[in-house]
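To start, the structure itself, in structure tokens.
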Amino acid sequence: MTVTTRFAPSPTGLLHVGNLRTALHNWLFARAQGGKFLLRIDDTDAERSREDYVDAARADLAWMGIVPDGEARQSDRFDRYEARFAELVAAGRVYPAYETPDELDLRRKILLGRGLPPVYDRAALRLTEEQRAAYAAEGRTPHWRFRLDHDAPILWDDRVRGPQKFDPAALSDPVIRRGDGSWLYLLPSVIDDIDMAITDVVRGEDHVSNTAAQIQMFEALGAAPPRFAHAALLTGSEGKLSKRLGSLGVAHFREEGIEPQALIALLARLGTSDPVEPFADPAPLIESFDFSRFGRAPARFDEAELAALNARIVHQLEPAQVAGRIPAGMDAHAWEAVRPNLTRVSEAADWWQVIEGPVAAPDFSGDDRAFLTDAARIAETIDWNDAPWAALTGALKAQTGRKGKPLFLPLRQALTGRDHGPEMAALLPLIGRERAIARLRGG
Ligand code: GLU
């Protein structure tokens with residue numbers, strides 16, 4: 001059976017880092033298994049779903065290099081849900097309920113007040129035909145609950161969490177459809193997973209109790225449940241569940257100069273027993289992807305770690321990968337010269353400014369000024385086509401006796417206006433003879 005996974009966002013907001021991680025897990029697993037990865041838009045909630053969020057989700061995945069093998073949306077499939085719902089009604093697995101939210105809330109509070117779990121008491125199952133008719137006459141439309149089978153525990157072997165066991169009697173019969181006829185995500189998701197032959201549902205552990213109910217829905221619909229993998233959630237760097245994570249998405253990472261490869265390299269390994277490494281290509285991440293390496297503890301998402309990883313990715317980027325993002329005129333040599341000093345690609349512009357000039361050098365002492373005048377004179381005589389930095393510093397060392405910092409620092413300062421930066425051996429040919437001589441002269 002071909003492994004088929006799906007990432008199923010509800011387009012009621014932008015994807016945040018937790019969603020991106022779930023998408024990545026689904027994609028990596030499908031690729032590792034030679035399977036398929038689908039994007040499913042869970043847009044049953046017409047009021048809160050927005051088309052621009054659908055577009056943004058696609059664009060965010062594309063930015064990460066995640067291309068789905070297919071796409072579906074729940075709003076196209078309402079007829080299908082209606083048909084399968086009718087089967088469940090006929091089989092007595094869904095039932096109408098008339099309680100108002102306030103009534104339910106009150107019952108929950110009473111149970112909690114008695115120290116009991118706030119499980120729905122199934123009062124609606126005990127309604128007589130007359131009582132239902134009376135509600136209908138009052139103009140109340142029912143919402144619908146899925147009747148959990150209480151006869152046996154719900155069991156599954158989670159790819160991350162291991163063997164799972166739920167007592168169905170400890171769960172409320174889940175509401176699957178609202179009074180206005182709109183769907184909650186639970187049942188449509190199961191119908192889709194069956195129709196799309198999803199073999200593996202990969203999502204966050206906030207869905208674990210949904211899974212228990214959904215396993216019974218698969219069975220009620222005559223299908224074998226897929227395998228499940230519930231990853232532990234992300235926490236902020238402060239160690240607690242952080243609101244900030246909910247607002248961190250692709251737009252933020254792009255603004256921060258984060259490369260998609262860095263985000264992928266971090267999210268693929270975060271919370272696993274494999275080390276986070278700066279893979280500029282996802283192939284090794286796909287190859288090594290294994291749910292049995294996932295830990296049960298929440299994984300700490302640290303933006304500083306991401307920034308450090310990003311720098312190590314930038315140092316590997318080929319000129320073609322930064323085309324259009326570095327200054328016009330900056331060729332492959334220049335990119336390779338400055339690349340080791342960047343933490344983000346946009347900083348290449350700063351070094352291009354250093355190469356092109358003008359640069360502002362510090363005020364040098366008399367000694368250094370004389371040394372630089374010597375340097376300018378030597379710079380006029382060396383062969384600029386053959387390792388000019390070695391030639392310049394070699395001749396200066398011989399002539400002045402300077403070595404180490406007193407030799408190199410004033411040269412770097414005069415030539416670049418800075419104390420640190422890329423290798424001068426790589427930078428000097430890019431600055432070139434005329435500009436270098438002028439800068440050494442202090443002009
Ligand atoms: N739309 C659901 C969510 O975003 C999908 C959960 C699932 O993967 O089944 O939470």
Side-chain angles (χ1 to χ4, degrees), residues 1-8 15-38 61 64-66 68-69 155-165 198-211 215 225-237 239-242 245 248 253 258-310 312-313 316:
M1 201 165 35
T2 313
V3 162
T4 306
T5 64
R6 86 296 191 280
F7 172 55
L15 301 182
H16 56 67
V17 61
N19 303 134
L20 299 172
R21 178 167 174 254
T22 297
L24 182 66
H25 290 159
N26 275 283
W27 180 75
L28 288 170
F29 183 65
R31 288 289 170 272
Q33 302 292 317
K36 284 195 296 186
F37 165 77
L38 307 179
L61 294 185
M64 299 226 297
I66 296 180
D69 300 306
L155 305 170
W156 79 92
D157 189 10
D158 198 280
R159 287 192 187 276
V160 174
R161 300 164 62 84
Q164 301 291 295
K165 183 172 175 178
I198 300 302
T199 59
D200 291 83
V201 169
V202 176
R203 55 192 182 184
E205 72 180 6
D206 49 333
H207 282 289
V208 165
S209 60
N210 288 339
T211 295
I215 282 178
R227 296 273 326 246
F228 288 89
H230 293 93
L233 301 181
L234 289 183
T235 65
S237 44
K240 21 184 209 291
L241 280 170
S242 121
L245 285 188
L248 290 186
F253 296 128
I258 300 297
E259 300 296 314
Q261 296 97 322
L263 189 63
I264 287 175
L266 180 62
L267 293 182
R269 290 281 175 88
L270 209 57
T272 78
S273 53
D274 289 321
V276 172
E277 290 172 83
F279 290 115
D281 182 296
L285 293 168
I286 292 170
E287 220 166 278
S288 61
F289 189 79
D290 181 353
F291 282 118
S292 70
R293 317 280 293 171
F294 279 53
R296 296 279 304 269
R300 209 169 129 264
F301 178 79
D302 182 351
E303 281 194 83
E305 185 181 10
L306 178 60
L309 192 63
N310 192 58
R312 297 172 68 193
I313 295 285
Q316 302 171 56

Checklist entry - Yes or no on side chain to side chain contact (heavy atoms under 4.5 Å, CB included) for Leu248 and Glu303, after CA distance, side-chain angles and deciding distance? => result CA-CA 10 Å; Leu248 290 186; Glu303 281 194 83; 3.8 Å; yes
Item to check | Closest non-hydrogen atom pair, Gly295 against Ala232 | outcome: O-CB, 4.0 Å
Item to check | Leu309 versus Ala265, closest heavy-atom pair with distance | outcome: CD2-CB, 3.9 Å
Next on the checklist: Is it the case that the side chains of Ser288 and Arg269 hold a donor-acceptor pair, with the cut-off being a distance below 3.5 Å and no angle test?
Outcome noted: yes
Checklist entry - Which value, rounded to the nearest 0.5 Å, describes the distance between Leu266 atom CG and Leu20 atom CG? => result 11.5 Å
Next on the checklist: Using the rule given for side chain to side chain contact (heavy atoms under 4.5 Å, CB included), can you reason through Phe279 versus Ile264, listing the C-alpha separation, both sets of side-chain angles and the distance that settles it, and then say yes or no?
Outcome noted: CA-CA 9 Å; Phe279 290 115; Ile264 287 175; over 6 Å; no
Item to check | Min side-chain heavy-atom separation Thr5-Ile198 under 4.5 Å | outcome: no
Item to check | salt bridge (charged side-chain N to carboxylate O under 4.0 Å, His left out) against Asp158, all qualifying residues, sequence neighbours excluded | outcome: none
Checklist entry - Would you say Thr235's side chain and Leu233's backbone share a donor-acceptor pair under 3.5 angstrom? => result no
Item to check | side chain to side chain contact (heavy atoms under 4.5 Å, CB included) assessment of His16 paired with Leu245 | outcome: CA-CA 7 Å; His16 56 67; Leu245 285 188; over 6 Å; no
Checklist outcome for this item: Contacts of Phe29 meeting ring-ring contact (aromatic ring centres under 6.0 Å, His included) (sequence neighbours excluded), chain-then-number -> Phe291
Next on the checklist: Can a donor-acceptor pair be found, under 3.5 Å and without considering hydrogens, that links the side chain of Gln316 to the backbone of Arg312?
Outcome noted: yes
Next on the checklist: Just so I know, are the side chains of Leu234 and Arg21 near enough to count as touching, which here means a heavy-atom distance under 4.5 Å?
Outcome noted: yes
Checklist outcome for this item: Tightest non-hydrogen contact, residues Ala229 and Val160, listed as CB-CG2, 4.1 Å
Item to check | Spatial distance of atom CG (Leu38) from atom CZ (Arg6) [nearest 0.5 Å] | outcome: 9.5 Å
Next on the checklist: Donor-acceptor check, side chain of Thr199 to backbone of Pro226, threshold 3.5 angstrom: yes or no?
Outcome noted: no
Next on the checklist: Within the structure provided, determine whether Leu155 and Gln164 are in side-chain contact (heavy-atom separation under 4.5 Å).
Outcome noted: no
Checklist entry - Below 4.5 Å, heavy atoms only, C-beta onward: do Val201 and Thr211 meet side chain to side chain? => result no
Next on the checklist: To the nearest 0.5 Å, what is the distance between CG on Leu306 and CD on Glu259?
Outcome noted: 10.5 Å
Checklist entry - Is there a side-chain contact between Leu15 and Phe7, using heavy atoms and a 4.5 Å cut-off? => result yes
Checklist outcome for this item: Here the side-chain hydrogen bond (donor to acceptor under 3.5 Å, both in side chains) pairs for residues 22-32, sequence neighbours left out, are Arg31-Asp69
Next on the checklist: The test is salt bridge (charged side-chain N to carboxylate O under 4.0 Å, His left out); show your working for Asp200 and Arg227 and say whether it passes.
Outcome noted: CA-CA 5 Å; Asp200 291 83; Arg227 296 273 326 246; 5.3 Å; no
Checklist entry - Quick one: are Val202 and Phe228 in side-chain contact, heavy atoms under 4.5 Å? => result no
Next on the checklist: Working note: Phe37 + Ile66, criterion side chain to side chain contact (heavy atoms under 4.5 Å, CB included); need CA distance, chi angles, decisive distance, verdict.
Outcome noted: CA-CA 9 Å; Phe37 165 77; Ile66 296 180; 3.5 Å; yes
Item to check | Value rounded to 0.5 Å, distance of CG in Leu270 from CZ in Arg300 | outcome: 9.0 Å
Checklist entry - Which pair of heavy atoms, one from Lys36 and one from Thr2, lies closest together, and at what distance? => result N-CG2, 4.4 Å
Checklist entry - Within the distance-only criterion (no hydrogens, no angle test), does the side chain of Arg296 pair as donor or acceptor with the backbone N or O of Arg161 below 3.5 angstrom? => result yes
Checklist entry - How many angstroms lie between CG in Leu285 and CD in Glu277, if you round to the nearest 0.5 Å? => result 8.5 Å
Checklist entry - Between Phe253 and Asn310, is any pair of side-chain heavy atoms under 4.5 Å apart? => result no
